[in-house]
Amino acid sequence: STQRLLRGQPGTGGGGGGSYGPTNTGRGNGGSGVVAVRYQIGNITATAKATGGNVLYFNTPTFGKVIHSFISSGTFDLPAANGPLAVDYVVCGGGGSGGAVSEVPNHGGGGGGAGGYRTGTTTIAPGTHSWLVGAGGAASRTTESPGGETRLVASPTVTIAVLGGGNGGGNPAPTNKGADSSDTPT
């Protein structure tokens, strides 16, 4: 449906669409963020070394890999016998909502910004880690909101975090401007 196209898709950190048209319809919500980690296993018949999230297996010509993906907050549990664990990661913040509408027809709001995005490698310490996945910003006829922060906790001293995207500006501007986002999470 058209309404579905206005929303950021879950697990993408995409921003929501702005309002539009003679009746100022729309105002899409931002998509939730995502945390995904990938690590090598001996082959596809081997088992995952950790639990948590949606677990996917795939083969390469010489070895297998496991991916744990989270599109909502959850826990990643790595038993001491299997850690520490070297992983590749993707961390994405929630997308901002589209801008609220104007009282004037055909003066819609702007689209929301995408959530922050980081990739890299790190080592996850054994234990149970709570991972926060930022929600997409919620939109309504009169308000908008930024996306939420996403955090991957690898150990007591290592946290990889990104901010959510800024919300789209509403109308009339400049009193209803969009929100800023930065690459410096709290």
Side-chain angles (χ1 to χ4, degrees), residues 4 7-16 28-97 112-139 145-167 179-186:
R4 181 167 173 81
R7 298 180 180 140
Q9 297 299 303
T12 65
N29 295 335
S32 69
V34 64
V35 172
V37 295
R38 177 180 69 181
Y39 55 87
Q40 185 174 328
I41 57 176
N43 58 51
I44 204 62
T45 60
T47 60
K49 297 178 181 180
T51 59
N54 183 31
V55 181
L56 305 167
Y57 297 86
F58 70 96
N59 256 340
T60 68
T62 56
F63 54 85
K65 292 205 175 206
V66 176
I67 298 173
H68 294 258
S69 64
F70 294 77
I71 61 171
S72 62
S73 298
T75 57
F76 181 85
D77 186 38
L78 178 60
N82 294 340
L85 183 62
V87 300
D88 300 316
Y89 66 82
V90 173
V91 180
C92 183
S97 74
Y117 178 81
R118 287 199 176 141
T119 63
T121 59
T122 193
T123 300
I124 298 178
T128 300
H129 306 282
S130 294
W131 290 357
L132 172 70
V133 174
S145 62
E149 181 178 335
T150 297
R151 292 180 182 209
L152 180 160
V153 177
S155 71
T157 59
V158 176
T159 297
I160 298 149
V162 294
L163 290 179
N167 57 267
D180 295 330
S181 185
S182 72
D183 199 31
T184 309
T186 57

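Below, all heavy atoms of this structure are taken into account, side chains as well, without hydrogens, waters or symmetry copies.
Heavy-atom minimum distance, Arg151 versus Ala161: CG-CB, 3.7 Å. In plain terms, the two heavy atoms of Arg118 and Ile160 that are nearest each other are CD-CG2, 4.5 Å. Residues Ser145 and Ala138 share a closest heavy-atom pair of OG-N, 2.8 Å. The minimum heavy-atom distance between Val55 and Ala48, with the atom names listed, is CG1-CB, 4.4 Å. Heavy atoms only, all atoms of each residue included: Tyr39 and Ala86 are closest at CB-O, 3.5 Å. The shortest non-hydrogen separation linking Gly93 to Val162 is N-CG2, 3.2 Å.
The OG1 atom of Thr51 sits 10.0 Å away from atom CG of Asn82, with the distance rounded to the nearest 0.5 Å. Of the inter-residue distances, the one linking Thr75 atom OG1 with Phe70 atom CZ reads 6.5 Å to the nearest 0.5 angstrom.
The main-chain N or O of Gly136 is never found under 3.5 Å from a side-chain atom of Ser32 such that the two would form a donor-acceptor pair. The closest donor-acceptor contact from the side chain of Thr150 to the backbone of Gly134 lies under 3.5 Å.
A search for side chain to side chain contact (heavy atoms under 4.5 Å, CB included) contacts involving Ser72 returns nothing, not counting sequence neighbours. Applying the salt bridge (Lys or Arg N to Asp or Glu O under 4.0 Å) rule to Asp88 yields the partners Arg38; only residues at least two apart in sequence or on another chain are considered.
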Determine all donor-acceptor pairs shorter than 3.5 Å in which one atom belongs to a side chain in residues 119-128; sequence neighbours excluded.
| from | atom 1 | to | atom 2 | distance (Å) |
| --- | --- | --- | --- | --- |
| Thr128 | OG1 | Asp77 | OD1 | 2.7 |

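Screening residues 72-96 for ring-ring contact (aromatic ring centres under 6.0 Å, His included), with sequence neighbours left out, gives His68-Phe76, Phe76-Trp131.
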